[in-house]
Amino acid sequence: MVVYEEKYDVVVVGAGHAGCEAALAAARMGCKTLLLTINLDSVALMSCNPAIGGLAKGHLVREIDALGGEMGKNIDATGIQFRILNTKKGPAVRASRAQADKQMYRLRMKYVLELQEKLEIKQGEVTGLHLEEGVVTGVDTKVGVRYPGKTVIITTGTFMRGLIHVGLTSYPGGRAGDLPSIGLSDRLRDIGFTVGRLKTGTPARLNGKTIDFGRLEVQNGDEVPVPFSFSTLSIDRPQLPCHIAYTNERTHEIIRAGLDRSPLYSGIIQGVGPRYCPSIEDKVVRFPEKVRHQTFLEPEGKDTVEIYPSGLSTSLPIDIQFNLYRSIEGLERVEIMRPAYAIEYDYVDPIQLHASLETKPVSNLYHAGQINGTSGYEEAAAQGLIAGINAALRCKGKEPLILGRSEAYIGVLIDDLVTLGTKEPYRMFTSRAEYRLLLREDNADLRLREKGHAVGLLPEKEYRAFIEKKEMIKEEFARLKCCRITPSDTDPGFLSTHGLAGLQNAITYEQLLRRPDITYRELGRIDPCSMEVPELVREQVEIQIKYQGYIERQLLEVDRAAKLEGTQIPRNYDYKSLSGLSAEVREKFIKFSPDTLGQASRIPGITPAAITILSIALKVLKEQ
């Protein structure tokens with residue numbers, strides 16, 4: 001084994017969405033960082049859907065950006081269609097989504113990595129870890145090079161023992177066209193990690209020249225695209241349309257007839273698939289009453305004819321794939337450019353992680369992304385960012401950054417993983433966040449910019465712009481509280497329109513905005529100064545005023561939970577010595593090894609009485 005001459009602070013294994021954020025974060029925080037990947041041409045490659053954001057996922061991207069991550073900037077620079085979802089619903093569940101130019105997205109991220117100071121990128125397959133007395137000190141590659149590192153972050157995606165399935169044909173691969181990672185998961189298992197098996201899949205890529213788009217429903221982006229990054233002022237590139245098509249009964253008959261050759265239904269695939277992103281054969285079997293299923297035909301870029309048929313992932317044999325796609329109206333003559341497939345891969349049970357994403361069995365080793373059982377680029381990038389931050393903080397001898405469930409969707413994501421673990425690919429939803437009214441997309445900067453600046457990730461220019469916005473919000477709140485309308489001096493038409501004709505006393509502009517029928521635009525009819533306020537400031541002020549009661553109620557809930565969340569449990573705490581617990585509860589505490597009392601309270605099957613016993617024991621321990 002050749003020991004490389006350089007010694008790194010942080011070594012990142014894998015250059016998918018998690019690895020890119022981890023490496024950039026560590027390097028930007030001043031740590032000498034190495035990023036290793038099996039294929040330098042696949043950095044930040046979108047293996048599945050060429051899109052960023054979506055329900056709850058958009059929240060994650062905005063939080064990544066608020067902390068100083070790159071994903072939001074990258075999609076703003078390479079997006080080809082931007083949409084805000086759930087616009088008719090409340091601000092808590094509105095979400096941003098954008099189609100990406102797949103190749104532009106990959107190339108821009110690679111270029112950003114290449115230009116980043118203190119970051120080196122190398123091609124190499126990591127097959128093992130080098131440990132000294134339970135602490136990771138480097139990684140070993142397939143060609144016999146050991147790269148020393150004070151900390152290591154593993155972000156292997158679907159590559160560990162990846163196995164691709166097309167019908168009854170199976171072959172090794174990290175994704176179509178890339179080799180798998182062999183040896184690393186065996187090494188992790190030998191060290192003491194619990195390694196499991198998951199499955200995901202992707203649809204075929206279709207030739208757009210062979211699709212009759214004139215017979216399909218057009219779906220355009222928003223007229224005025226809204227950027228993901230708080231630093232992007234506007235999106236001024238032309239947008240491309242998507243199209244909507246539907247399966248039909250003939251499609252479903254073709255699928256049912258081929259189930260005996262499906263690796264999913266013939267027992268070949270052992271890994272557990274994503275519940276919330278099922279294959280088309282899964283949909284047909286599980287929902288036999290549905291006469292059709294929707295698919296969005298999404299362009300993979302502005303300079304390619306490849307089309308991604310969202311919602312039509314499958315692992316059926318290639319001949320059935322031909323018939324399946326061609327049974328859809330508008331796709332009768334469609335040609336498949338890349339076949340659909342399913343992929344099985346190894347992951348590590350995330351309950352073996354601290355909330356910092358450092359592993360419990362091995363010090364200075366961090367896991368991020370699909371190795372932790374998640375699905376989705378956004379979930380991976382969020383974990384990568386936090387792992388990169390915390391690996392860098394470890395190198396600096398500082399305490400880790402831990403985001404609480406009331407602070408960020410990233411906090412919800414990580415807490416769910418390390419507290420509950422997962423047996424299937426984990427996907428973020430707004431319903432997973434109990435404080436979702438506090439964790440809106442629009443206020444991600446107000447929640448997290450200070451934290452990003454504190455750890456050294458946020459550039460000074462962006463921080464100054466944030467402070468300026470924060471000050472404008474404060475000033476606008478003060479203005480609305482003191483400015484008033486009086487019935488005698490106000491346009492009677494305005495009063496009549498909003499049911500204020502009988503108003504006797506003066507009321508403040510803030511009181512006016514609390515009314516559901518009065519927006520800033522309406523307020524501008526009687527207060528021209530309102531429309532001079534920047535739109536992002538107006539949005540923030542209006543939301544906070546209209547939802548003030550609900551927000552205050554959730555803040556009270558956060559305060560009540562703060563004591564549990566802030567009570568630390570010592571590492572390797574001796575639960576066996578704790579009297580009053582049932583054997584089942586004691587076994588769960590030992591298995592999950594929670595870091596805080598709050599985490600302990602969320603372990604399935606743990607009773608309030610058990611938490612009270614543990615709380616008293618920790619208080620006694622602290623007083624000793």
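The environment of Lys142 atom NZ is sparse: at most 12 non-hydrogen atoms of other residues, nucleotides or ligands sit within 6.0 angstrom. When the shell of 6.0 Å around CZ of Arg602 is examined, it contains more than 12 heavy atoms from other residues, nucleotides or ligands.
The side-chain tip of Arg175 does not point at the ring of Tyr345 from less than 6.0 angstrom away and within 45° of straight on.
Applying the side chain to side chain contact (heavy atoms under 4.5 Å, CB included) test to Thr596 and every residue at least two apart in sequence or in another chain returns Glu565, Gln568, Gln599. Not counting sequence neighbours, the partners of Glu379 by the salt bridge (Lys or Arg N to Asp or Glu O under 4.0 Å) test are Lys57. Asp595 pairs by the salt bridge (Lys or Arg N to Asp or Glu O under 4.0 Å) definition with nothing, not counting sequence neighbours. Checked against salt bridge (Lys or Arg N to Asp or Glu O under 4.0 Å), Arg333 has no partners two or more places apart in sequence or in another chain.
Taken to the nearest 0.5 Å, the CG atom of Asp319 stands 10.5 Å off from the CD1 atom of Ile254. Note that the CG atom of Asn220 and the CD atom of Gln239 stand 8.5 Å from one another [nearest 0.5 Å]. Taking CG from Leu401 and CG from Leu67, the interatomic distance works out to 6.5 Å, rounded to the nearest 0.5 Å.
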* Asked: Does the pair His59 and Leu439 meet the rule for a side-chain contact (heavy atoms from CB on, under 4.5 Å), with working shown?
  -> CA-CA 8 Å; His59 291 71; Leu439 308 182; 5.5 Å; no
* Under the side-chain contact (heavy atoms from CB on, under 4.5 Å) criterion, do Tyr325 and Leu312 qualify, and how do the steps go? -> CA-CA 9 Å; Tyr325 290 113; Leu312 293 182; 3.8 Å; yes
* Using the salt bridge (charged side-chain N to carboxylate O under 4.0 Å, His left out) rule, take Arg256 and Glu281 through it: C-alpha gap first, then chi angles, then the decisive distance, then the call. => CA-CA 8 Å; Arg256 292 189 194 102; Glu281 57 263 40; over 6 Å; no
* Asked: Does the salt bridge (charged side-chain N to carboxylate O under 4.0 Å, His left out) test come out yes or no for Arg338 and Glu300, once each step is laid out?
  -> CA-CA 13 Å; Arg338 307 181 200 228; Glu300 293 225 324; 5.4 Å; no
* Working for side chain to side chain donor-acceptor pair (under 3.5 Å), residues Asn207 and Thr210 -> CA-CA 6 Å; Asn207 186 334; Thr210 61; 4.6 Å; no
* To do: Give the C-alpha distance, both sets of side-chain angles, the deciding distance and a yes or no for side-chain contact (heavy atoms from CB on, under 4.5 Å) between Leu198 and Glu344.
  => CA-CA 6 Å; Leu198 293 177; Glu344 287 186 281; over 6 Å; no
* Go through the steps for Asp76 and Lys73 under the test salt bridge (charged side-chain N to carboxylate O under 4.0 Å, His left out), then give the verdict. => CA-CA 5 Å; Asp76 285 348; Lys73 292 184 177 71; over 6 Å; no
* To do: Please step through side-chain contact (heavy atoms from CB on, under 4.5 Å) for the pair Leu129 and Ile154, ending with a clear verdict.
  => CA-CA 10 Å; Leu129 302 174; Ile154 301 180; 4.2 Å; yes
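Gln383 is not listed as a side-chain neighbour of Ile410, based on a closest heavy-atom distance of 4.5 Å or more. Using a 4.5 Å heavy-atom cutoff, the side chains of Leu113 and Leu24 are in contact. Side chains of Ile52 and Arg97 form no contact here, defined as non-hydrogen atoms less than 4.5 Å apart. In this structure, Gln321 and Ile336 have side chains that are in contact, with non-hydrogen atoms separated by less than 4.5 Å. A heavy-atom distance below 4.5 Å is not found between the side chains of Leu55 and Thr430. Residues Phe82 and Val226 have side chains not in contact (no heavy-atom distance under 4.5 Å, counting atoms from C-beta outward). Annotation: side chain of Cys20 is not in contact with side chain of Glu70 (no heavy-atom distance under 4.5 Å). Contact check for Val11 versus Ile153: no side-chain heavy atoms found under the 4.5 Å cut-off.
Formation of a donor-acceptor pair under 3.5 Å by the Asp65 side chain with backbone atoms of Gly72 is not found in this model. Using a distance-only test at 3.5 Å, with no hydrogens or angles considered, a donor-acceptor pair links the side chain of Lys283 to the main chain of Gly311. A donor-acceptor pair is defined here as one N or O able to donate and one able to accept, closer than 3.5 Å; no such pair exists between the side chain of Thr37 and the backbone of Gly14. Proximity of a side-chain donor or acceptor of Thr247 to a complementary backbone N or O of His293 within less than 3.5 Å is detected. Under the 3.5 Å distance criterion, the side-chain polar atoms of Ser279 are matched with a main-chain donor or acceptor of Asp282. No donor-acceptor pair closer than 3.5 Å links the side chain of Gln219 to the backbone N or O of His243. Looking at Ser42, its side chain never comes within 3.5 Å of a backbone N or O of Leu45 through a donor-acceptor pair. The closest donor-acceptor contact from the side chain of Lys360 to the backbone of Ser593 lies under 3.5 Å. Within the 3.5 Å criterion, the main-chain N or O of Met71 finds a donor-acceptor partner in the side chain of Glu21. A donor-acceptor pair under 3.5 Å is formed between the side chain of Asp222 and the backbone N or O of Ile84.
Residue Leu240 comes nearest to Gly301 through the heavy atom pair CD1-O, 4.0 Å, listed as atom of the first residue, atom of the second, then distance. Of all non-hydrogen atoms in Gly221 and Arg83, the two that sit nearest each other are CA-CG, 3.7 Å. Heavy-atom minimum distance, Tyr105 versus Thr78: CD1-OG1, 3.4 Å. Closest approach of Asn39 to Asp178, counting heavy atoms only: ND2-OD1, 3.2 Å. The two residues Asp349 and Thr422 make their nearest non-hydrogen contact at OD1-N, 4.5 Å. Of all non-hydrogen atoms in Leu297 and Leu216, the two that sit nearest each other are CD1-CD1, 3.4 Å.
The residues Lys588 and Glu584 are annotated as salt-bridged, a charged nitrogen and a carboxylate oxygen being separated by less than 4.0 angstrom. Between Arg187 and Asp190 there is no salt bridge, since none of the side-chain N atoms of the basic residue sits less than 4.0 Å from a carboxylate O of the acidic one. Ion pairing between a basic and an acidic side chain is recognised when a charged N comes within 4.0 Å of a carboxylate O; Arg215 and Glu332 show such pairing. Ion pair Glu306/Lys209 not flagged as a salt bridge, since none of the NZ, NE, NH1 or NH2 atoms sits closer than 4.0 Å to an Asp/Glu carboxylate oxygen. Ion pairing between Arg405 and Asp415 holds under the 4.0 Å rule for side-chain N and carboxylate O. Here Arg275 pairs with Glu424 in a salt bridge; the nearest charged N to carboxylate O distance falls below 4.0 Å. Under 4.0 Å is where a charged nitrogen must lie from a carboxylate oxygen, and between Arg427 and Glu378 no such pair does.
Residue Tyr426 is tested with Thr374, Asp416, Asn372 for a side-chain hydrogen bond (donor to acceptor under 3.5 Å, both in side chains); the sole match is Asp416.
Phe193 and His367 have their aromatic ring centers within a separation under 6.0 angstrom.
Applying the salt bridge (Lys or Arg N to Asp or Glu O under 4.0 Å) definition to pairs two or more places apart or across chains, those involving residues 152-163 are Arg161-Asp346. For residues 173-192, no pair satisfies ring pair (Phe, Tyr, Trp, His ring centres under 6.0 Å), with sequence neighbours left out.
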